[in-house]
Amino acid sequence: MDRTSTDNAQVAGVLLAAGGGRRLGGRPKALLRHRGRPLVEHAARALREGGCAPVHIVLGAAAEEVRARAELPDCVLVDNPDWAGGMGSSLRAGLASLAASGACAALVTLVDQPGIGAAAVARLLAAYDGPDSLAAAEYDGVRGHPVLFGAARWEGVAADAVGDRGARGYLRAHGSALTLVDCSDIARPDDIDTAADLTLLE
């Protein structure tokens, strides 16, 4: 699916990949191995193959190592020097990097969810209906990622993105405008947060 060719709605992908893996003993999540390659490559590919263009990747922990070891063609790499302060700073950095991109919306996903692929990205993209778009994937009745923000919402999302809560507060406050897109049949929302979760990797 390519939104840029079907209706001229350029939806950018924003991949939050700055985490240091504190509960993984300081192993940056972006560099965890999945099917023989760094996890960040798989997440970026899911965004591209799902129809996002451009794809902006927010880096923090081990940013230079990620640049050296991961193959991320046609992606915009964004440094977040404040990554240790939580996901909120990475979301702000990602949205700020889109300011001059011409994108009409941002589809945000996380690097540590290998069960979310291109099919879920494409399904969320189909929920785009203009600059006020607000949509999120849903798994068995629980809101998750990816999340789609029309450009008119970026300022409000960024203002509310504090600490580790990312966009949770904004989504809760604007629940009446939020479209939930069931992705239970095509994706798994499991996070890799602890050593026990490494079994999710292949």
Side-chain angles (χ1 to χ4, degrees), residues 1-17 39-58 74-76 78 87-88 90-95 97-98 101-158 160-161 165-192 200:
M1 176 180 179
D2 184 349
R3 302 291 298 185
T4 61
S5 63
T6 58
D7 59 8
N8 296 318
Q10 187 182 37
V11 177
V14 176
L15 173 58
L16 304 185
L39 196 54
V40 66
E41 290 184 14
H42 295 277
R45 186 179 305 114
L47 287 169
R48 288 196 307 270
E49 294 180 355
C52 291
V55 172
H56 288 224
I57 303 175
V58 182
D74 302 319
C75 293
V76 178
V78 180
M87 187 191 302
S90 289
L91 180 56
R92 293 195 305 273
L95 292 176
S97 73
L98 298 181
S101 71
C104 299
L107 190 144
V108 180
T109 193
L110 308 178
V111 76
D112 66 347
Q113 294 185 315
I116 295 177
V121 170
R123 192 171 286 184
L124 256 292
L125 283 184
Y128 174 81
D129 64 359
D132 287 317
S133 295
L134 185 64
E138 181 182 51
Y139 303 91
D140 298 322
V142 179
R143 189 187 73 237
H145 285 84
V147 181
L148 177 72
F149 300 108
R153 296 190 177 275
W154 295 353
E155 184 176 355
V157 172
D160 197 66
R165 74 180 186 174
R168 282 200 302 267
Y170 185 90
L171 293 172
R172 191 179 304 115
H174 296 82
S176 62
L178 179 65
T179 297
L180 292 174
V181 180
D182 187 14
C183 292
S184 304
D185 60 324
I186 55 173
R188 300 189 325 274
D190 308 284
D191 296 321
I192 298 174
L200 297 171

What distance separates S101 OG from Q10 CD, expressed to the nearest 0.5 Å?
6.0 Å
Separation between CZ of F149 and CG of L171, rounded to the nearest 0.5 Å
5.0 Å
Heavy-atom closest pair, residues V181 and A127:
CG2-CB, 4.0 Å
Please assess Y170 against L134 for the test side-chain contact (heavy atoms from CB on, under 4.5 Å), listing each intermediate value before the final yes or no.
CA-CA 10 Å; Y170 185 90; L134 185 64; 4.2 Å; yes
CG/L125 to CG/L47 distance, rounded to the nearest 0.5 angstrom?
9.0 Å
For A167 against V157, the heavy-atom pair lying closest together:
CB-CG1, 4.2 Å
Applying side-chain contact (heavy atoms from CB on, under 4.5 Å), run through C183 and L124 and close with a yes or a no.
CA-CA 9 Å; C183 292; L124 256 292; 3.9 Å; yes
Closest non-hydrogen atom pair, W154 against C104:
CZ2-C, 4.4 Å
So C52 and V121, do their side chains get closer than 4.5 Å, heavy atoms only?
yes
Closest non-hydrogen contact found for P114 with D190 is CD-O, 4.2 Å
Separation between CD1 of I116 and CG of L110, rounded to the nearest 0.5 Å:
7.0 Å
Answer yes or no: is there a donor N or O on one side and an acceptor on the other, between the side chain of R153 and the main chain of D132, under 3.5 Å?
yes
Indicate the atoms forming the closest heavy-atom contact of A136 with R143, along with that distance.
CB-CG, 3.7 Å
Would you find more than 12 non-hydrogen atoms of other residues, nucleotides or ligands less than 6.0 Å from D185 atom CG?
yes
Got a salt bridge between D182 and R123, using NZ or NE/NH1/NH2 to carboxylate O under 4.0 Å?
no
Evaluate the side-chain proximity of L15 to V111: yes if any heavy-atom separation is below 4.5 Å, no if none is.
yes
Euclidean distance, L95 CG relative to S90 OG, rounded to 0.5 Å:
11.0 Å
What's the spacing between Y139 OH and L180 CG if we round to 0.5 Å?
11.5 Å
Any heavy-atom pair between the side chains of R165 and D160 that's under 4.5 Å?
yes
Just to verify, which of V78, V108, T109 counts as forming a side-chain contact (heavy atoms from CB on, under 4.5 Å) with V14?
V108
For A106 versus L98, what's the shortest heavy-atom pair and its separation?
CB-CD1, 3.5 Å
